[in-house]
**Student:** 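Let me begin by handing over the structure; questions about it come next.
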Amino acid sequence: MQLSTKHLIGIKELSKEDIILILQTANNFKEVLQRPVKKVPSLRDVTIVNLFYENSTRTRISFELAEKRLGADTINFSASSSSAAKGETLLDTVNNILSMKVDMVVMRHAASGAAHFLAQHLPNTAIVNAGDGTNEHPTQALLDAFSIQEKLGSLAGKKIVLVGDIMHSRVALSNIYLLKKMDAEVMVAGPPTLIPKYIEEALGVKVEYNLQKALEWCDVANVLRIQLERQKKVLFSTLREYNLSYGVTKKMLESVGKEIVIMHPGPMNRGVEIDSDVADGKNSIILNQVENGVAVRMAVLYLLAERVKVDDLK
Ligand code: CP
């Protein structure tokens, strides 16, 4: 089996079969990561550059760890300490790096469409999107799906609510594409100012402005960060008021009266979209998500490298 695509730009471009293949392969790599020797030589002789034009903790470390566990050579690039700060274009930077015989590019960028742009200009290099603006964060959605599947056994028929700043969230869009392809039921919940108009018709999700009702409906609540850095105008009164209406709190979960799996992609604003006793509570799988990120990213890198090998033989 191989992926239908040679890049991972977004979940939108993946088939259901691609998603199943990635999740199954991640399961195999998760088993490798439980062994005393957590390394396999699958990407020996493959060189990968991690290009981060935007801050990251989890995604960056997780990709680097995944690459090392697969035996790849890695290079880390941070825009703030590079010649990008002197005005070099994205394409010039990447072409210069590729001239040093780099095989794959993992990139996070603040501009929506940046990964697609690279894939168009560099069709022979595997490009992996590690988050582009407000567009997609495909490996986050894959690790979220892996974590739900691990906890609940399957995705089909499960009710998942994405809570909070849907408008600015690439995690939300990638999750919606993935969960719908895998036959889960998806709802978005939050204030009307943070939910795009017509999302119900455009993406086939339910919309709920009352958090309590959303939590009563769901099996899983994936709580999203309020992205103040992307909000160009005032979209709610104060963080305190946001917490009172849309913060996932222990009191609210107790009033719902059933067990709900709690997720968050990180970084968390504790006391804003999620309270500490929920984030650290018994139904939280937030750190499992982070752990699973390594196996999922190993799967993505391995499968893309296999796809490149097949293409080279043609
Ligand atoms: N979830 C996520 O993308 O976290 P980072 O921004 O720390 O990579």
Side-chain angles (χ1 to χ4, degrees), residues 3-15 18-19 22 48-56 58-60 62-63 77-80 82-85 87-98 102-144 162 165-181 188 194-199 201-205 224-225 227-233 235 265 297 300-301 304 307-308:
L3 292 175
S4 67
T5 168
K6 57 203 280 190
H7 309 288
L8 178 59
I9 305 304
I11 301 294
K12 191 176 184 183
E13 290 83 26
L14 294 185
S15 65
D18 288 329
I19 295 167
I22 293 170
I48 304 176
V49 61
N50 301 309
L51 281 180
F52 277 73
Y53 281 85
E54 227 191 24
N55 295 344
S56 168
R58 281 145 290 270
T59 312
R60 182 179 181 144
S62 174
F63 265 113
F77 166 100
S78 175
S80 57
S82 76
S83 291
E88 188 168 54
T89 66
L90 172 59
L91 201 51
D92 277 342
T93 299
V94 176
N95 271 325
N96 276 271
I97 292 170
L98 292 181
V102 167
D103 304 297
M104 293 171 96
V105 176
V106 173
M107 184 175 72
R108 169 167 290 191
H109 203 285
S112 300
H116 179 72
F117 170 83
L118 269 198
Q120 274 193 319
H121 285 84
L122 307 165
N124 299 322
T125 305
I127 309 294
V128 184
N129 183 4
D132 64 322
T134 57
N135 181 37
E136 281 225 40
H137 191 348
T139 56
Q140 181 68 45
L142 286 160
L143 74 88
D144 288 347
L162 299 157
D165 188 356
I166 311 299
M167 182 84 81
H168 303 95
S169 176
R170 55 196 176 206
V171 175
L173 191 54
S174 287
N175 260 271
I176 292 168
Y177 285 138
L178 190 152
L179 293 167
K180 295 288 297 175
K181 284 179 197 234
V188 294
L194 291 179
I195 296 185
K197 280 182 190 166
Y198 313 116
I199 190 170
E201 297 87 331
L203 297 177
V205 296
L224 304 176
R225 183 171 71 87
Q227 304 201 24
L228 291 174
E229 77 280 14
R230 296 192 204 279
Q231 296 180 12
K232 304 270 185 295
K233 54 187 178 185
L235 295 170
R297 289 175 174 122
V300 166
L301 295 168
L304 287 175
R307 170 67 206 246
V308 169

**Student:** Could you tell me the separation between the OG atom of S112 and the CZ atom of R170, rounded to the nearest 0.5 Å?
**Tutor:**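 It is 8.5 Å, given to the nearest 0.5 Å.
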**Student:** Going from CG on L178 to CG on L173, what distance comes out if it is rounded to the nearest 0.5 angstrom?
**Tutor:**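 With rounding to 0.5 Å, CG (L178) is 11.5 Å from CG (L173).
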**Student:** If every non-hydrogen atom of R297 is compared with every non-hydrogen atom of Q140, which pair is closest and at what distance?
**Tutor:**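 Closest approach of R297 to Q140, heavy atoms only: NH2-N, 4.0 Å.
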**Student:** Walk me through whether M167 and T134 qualify under side chain to side chain contact (heavy atoms under 4.5 Å, CB included).
**Tutor:** CA-CA 8 Å; M167 182 84 81; T134 57; over 6 Å; no
**Student:** Could you check whether any side-chain heavy atom of V106 comes within less than 4.5 Å of a side-chain heavy atom of R60, counting everything from C-beta outward?
**Tutor:**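 Not in contact.
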**Student:** Evaluate the criterion side chain to side chain contact (heavy atoms under 4.5 Å, CB included) for residue pair L51 and I97; output intermediate values, then yes/no.
**Tutor:** CA-CA 10 Å; L51 281 180; I97 292 170; 3.7 Å; yes
**Student:** Any non-hydrogen side-chain atom of E13 less than 4.5 Å from a side-chain atom of T5?
**Tutor:**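 Heavy-atom side-chain distance check fails, nothing below 4.5 Å.
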**Student:** What distance do L91 atom CG and E88 atom CD have between them, rounded to the nearest 0.5 Å?
**Tutor:**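 The distance works out to 10.0 Å.
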**Student:** Determine whether I11 and I19 make a side-chain contact, defined as any pair of heavy atoms from C-beta on separated by less than 4.5 Å.
**Tutor:**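 Of all side-chain heavy-atom pairs linking I19 with I11, at least one is under 4.5 Å.
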**Student:** Which pair of non-hydrogen atoms, one from I9 and one from A119, has the smallest distance, and what is that distance?
**Tutor:**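 Residues I9 and A119, closest heavy atoms: CD1-CB, 3.8 Å.
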**Student:** Out of curiosity, L203 CG to I176 CD1, how far, rounded to the nearest 0.5 Å?
**Tutor:**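 Output value for this atom pair is 5.5 Å.
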**Student:** Closest heavy-atom contact between R225 and D165?
**Tutor:**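 Looking at all heavy atoms of both residues, the closest pair is O-CB, 3.5 Å.
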**Student:** Hey, are the side chains of E136 and Y177 touching, using non-hydrogen atoms and a 4.5 Å cut-off?
**Tutor:**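 A side-chain contact exists here, since the closest heavy-atom pair is under 4.5 Å.
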**Student:** Can a donor-acceptor pair be found between the side chains of N96 and T93 at a distance below 3.5 Å?
**Tutor:**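 On atom types as modelled, these side chains do not qualify, holding no pair under 3.5 Å.
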**Student:** Is any side-chain heavy atom of L98 less than 4.5 Å from a side-chain heavy atom of V105?
**Tutor:**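 L98 vs V105: side chains touch.
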**Student:** Quick check against the 3.5 Å criterion: does K181 have a side-chain atom that pairs as donor or acceptor with the backbone of L14?
**Tutor:**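 Yes: the side chain of K181 pairs with the backbone of L14.
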**Student:** If you round to the nearest 0.5 Å, how far is NE2 of H7 from CZ of R307?
**Tutor:**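 Separation between the atoms: 9.0 Å.
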**Student:** Within the side chain of N129, is there an N or O that forms a donor-acceptor pair under 3.5 Å with the backbone of L8?
**Tutor:**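 Checking the backbone N and O of L8 against the side chain of N129, no donor-acceptor pair under 3.5 Å is found.
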**Student:** Looking at S169 and I166, would you say the former's side chain and the latter's main chain have a donor-acceptor pair under 3.5 Å?
**Tutor:**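 Side chain of S169 to backbone of I166, a donor-acceptor pair under 3.5 Å: no, none is there.
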**Student:** For L162 and A172, work out which heavy atoms get closest and say how close.
**Tutor:**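 What the structure gives for the nearest pair is CD1-O, 3.9 Å.
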**Student:** Applying side-chain contact (heavy atoms from CB on, under 4.5 Å) between L304 and each of I22, I127, L3, report the one that passes.
**Tutor:**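 So the option named by the test is L3.
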**Student:** Walk me through it: do L90 and M107 pass the test side chain to side chain contact (heavy atoms under 4.5 Å, CB included)?
**Tutor:** CA-CA 11 Å; L90 172 59; M107 184 175 72; 3.7 Å; yes
**Student:** Got a donor-acceptor contact below 3.5 angstrom from the R108 side chain to the A130 backbone?
**Tutor:**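 It does hold such a pair.
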**Student:** Rounded to the nearest 0.5 Å, what separation is found between the OG atom of S78 and the CG atom of N55?
**Tutor:**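 Spacing of OG (S78) from CG (N55) equals 8.0 Å.
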**Student:** Under 3.5 Å, side chain of H137 to main-chain N/O of V171, donor-acceptor pair present?
**Tutor:**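 No.
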**Student:** Taking all non-hydrogen atoms of both residues, which atom of S174 and which atom of P138 are closest, and how far apart?
**Tutor:**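 In this case the closest contact between S174 and P138 is OG-N, 3.6 Å.
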**Student:** For a side chain to side chain contact (heavy atoms under 4.5 Å, CB included) check, start with the C-alpha distance between V308 and D103, then their side-chain angles and the critical distance, and finish with the verdict.
**Tutor:** CA-CA 9 Å; V308 169; D103 304 297; over 6 Å; no
**Student:** Taking P123's backbone N and O only, do any of them form a donor-acceptor pair with K6's side chain (distance below 3.5 Å, no angle check)?
**Tutor:**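 Yes; judged by distance alone, with no hydrogens or angles, the pair exists.
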**Student:** Looking at side-chain heavy atoms only, is the closest gap between V49 and V94 below 4.5 Å?
**Tutor:**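 Not in contact.
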**Student:** Please report the shortest heavy-atom distance between A85 and S80, naming the atom on each side.
**Tutor:**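 So the two residues come closest at CB-O, 4.1 Å.
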**Student:** How about CG on N95, more than 12 heavy atoms from neighbouring residues, nucleotides or ligands closer than 6.0 Å, or not?
**Tutor:**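 Buried by this count: over 12 neighbours within 6.0 Å.
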